[in-house]
Amino acid sequence: MKAAVVRTPGGLNNIEVIDIADPGRPGPGQIRVALHASSLNFHDLLVANGGIPTADGRVLMADGAGVVEAVGEGVSEFQVGDQVVSGFFPQWPDGEVGAPVSNFAGTPGDGIDGFAAQYAVRAASAFTHAPRGWSHAEAATITTAGLTAWRALVVDGGLKAGDSVLVLGSGGVSIAALQIARMMGASVIATSSSDEKLERLRQLGADHTINYRQTPEWGKRVLELTAGRGVDQVVEVGGPGTLAQSITAVRVGGHIALIGVLTGRQGDVPTAVLMAKQVRLQGLIVGSRRHQQDYIRALEQSGGRPILDQRFPLDRLADAFRLQESGSHFGKIVVEW
Ligand SMILES: NC(=O)c1ccc[n+]([C@@H]2O[C@H](COP(=O)([O-])OP(=O)(O)OC[C@H]3O[C@@H](n4cnc5c(N)ncnc54)[C@H](OP(=O)(O)O)[C@@H]3O)[C@@H](O)[C@H]2O)c1
């Protein structure tokens, strides 16, 4: 079967679409899925471009959506023909976060083979049902970006109607967060490097927008826009280069979900302000299978759909990553086959 793999030491020129062994029939507790789409995440880009070292020949991509082709003995949750989407942590079905999900050792497309392939045979618990009526490309946006936004705002942030949310930039996680916030009846302030993207963010429901290049002190601007109160929640995708502004922007007692590394992996944190404002600053990585099922129920109920940018065939995965590296995308870049 066809699969997109990366050769060590990584780099977009080291992505190859090759023939690898078909995974065969599902064993007890497993399903065989004919995969048809994946979506690009910053994490996948880091694995592909060598920013995160991985095994030679690793099949890329954490997100995978497709159709169940065969079910193994003892599987009652899925039937042949069901549309499914993969989970980021196949080893985290439910419950409290714990040591097995504190790294990417069990994550498809990093510690284990991913879903840039025609077929996968995995434990049934590595997938959930996809939202009814969604295309494979749409469903593939749930695994990483969508679920991270859901956990940040709803599971850990306890989002409720009337809350205010700050999202940074117009990538996959931030637009999913904007959509979840609107779906839950919250108001949204969104930032971007581009006025054109800010206009699109307003069309998606952002109440206020800020160009973070033109307004480097955007935390203060958020305070102005909220009459000095600050926002209830921040989905922090930037990391060290943006966290200080996010701490300015959040309200006393608010919640910052620290999820991103777009500006680097360590840096100065204004700890005294964090303490004085009694902010809950929480690192998190994606979510459990139960979180994904809850999120999908909410998506089916709300009728919202993800925002897809360009679509690429599998054998142009490297070009899809080049588009992502350019930062010109809006929402999710997808690959389909
Ligand atoms: N912890 C987790 O579970 C988890 C899960 C998913 C993603 N992440 C992390 O979250 C981050 C975003 O991931 P993604 O997949 O959504 O990436 P993405 O789709 O590639 O989004 C990148 C976008 O981020 C915006 N951006 C870049 N630098 C920025 C800055 N300094 N300030 C504000 N916005 C900035 C840009 O938007 P504009 O062009 O509009 O400026 C850019 O287009 C990454 O660091 C990723 O590793 C973490």
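Heads up: numbering here begins at 1 and tracks the sequence. Whatever order the structure lists ligands and atoms in, that order sets their numbers, starting from 1.
The stretch residues 96-117 participates, sequence neighbours left out, in these salt bridge (Lys or Arg N to Asp or Glu O under 4.0 Å) pairs: Arg58-Asp113.
No chain of hydrophobic side-chain contacts below 4.5 Å, direct or via other Ile, Leu, Val, Met, Phe, Trp or Tyr residues, connects Trp134 to Leu308.
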Run the side-chain donor-acceptor check on residues 19-38: report pairs under 3.5 Å with partners two or more places apart or on a different chain.
from  : atom 1 : to     : atom 2 : distance (Å)
Asp22 : OD1    : Gly24  : N      : 2.8
Asp22 : OD1    : Arg32  : NH1    : 2.7
Asp22 : OD2    : Arg32  : NH2    : 3.1
Gln30 : OE1    : Gly27  : N      : 2.7
Arg32 : NE     : Glu69  : OE1    : 2.8
Arg32 : NH1    : Gly24  : O      : 3.0
His36 : ND1    : Trp337 : O      : 3.2
Ser38 : OG     : Asp63  : O      : 2.5

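Annotation: side chain to side chain donor-acceptor pair (under 3.5 Å) contacts of Gln203 (sequence neighbours excluded): Glu199.
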Original post:
So Phe312 and Phe321, ring pair (Phe, Tyr, Trp, His ring centres under 6.0 Å) or not? Walk me through it.
Top reply: CA-CA 10 Å; Phe312 289 81; Phe321 279 125; 9.7 Å; no
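The pair Asp207-Arg182 meets the salt-bridge criterion, since a charged nitrogen lies less than 4.0 angstrom from a carboxylate oxygen.
Protein residues lining ligand 1, listed by chain and number: Asn41, Phe42, Thr144, Thr148, Leu168, Gly169, Ser170, Gly171, Gly172, Val173, Ser192, Ser193, Lys197, Tyr212, Val237, Thr242, Ile259, Gly260, Val261, Leu262, Thr263, Leu284, Ile285, Val286, Gln324, Gly327, His329 [non-hydrogen atoms, distance under 4.0 Å].
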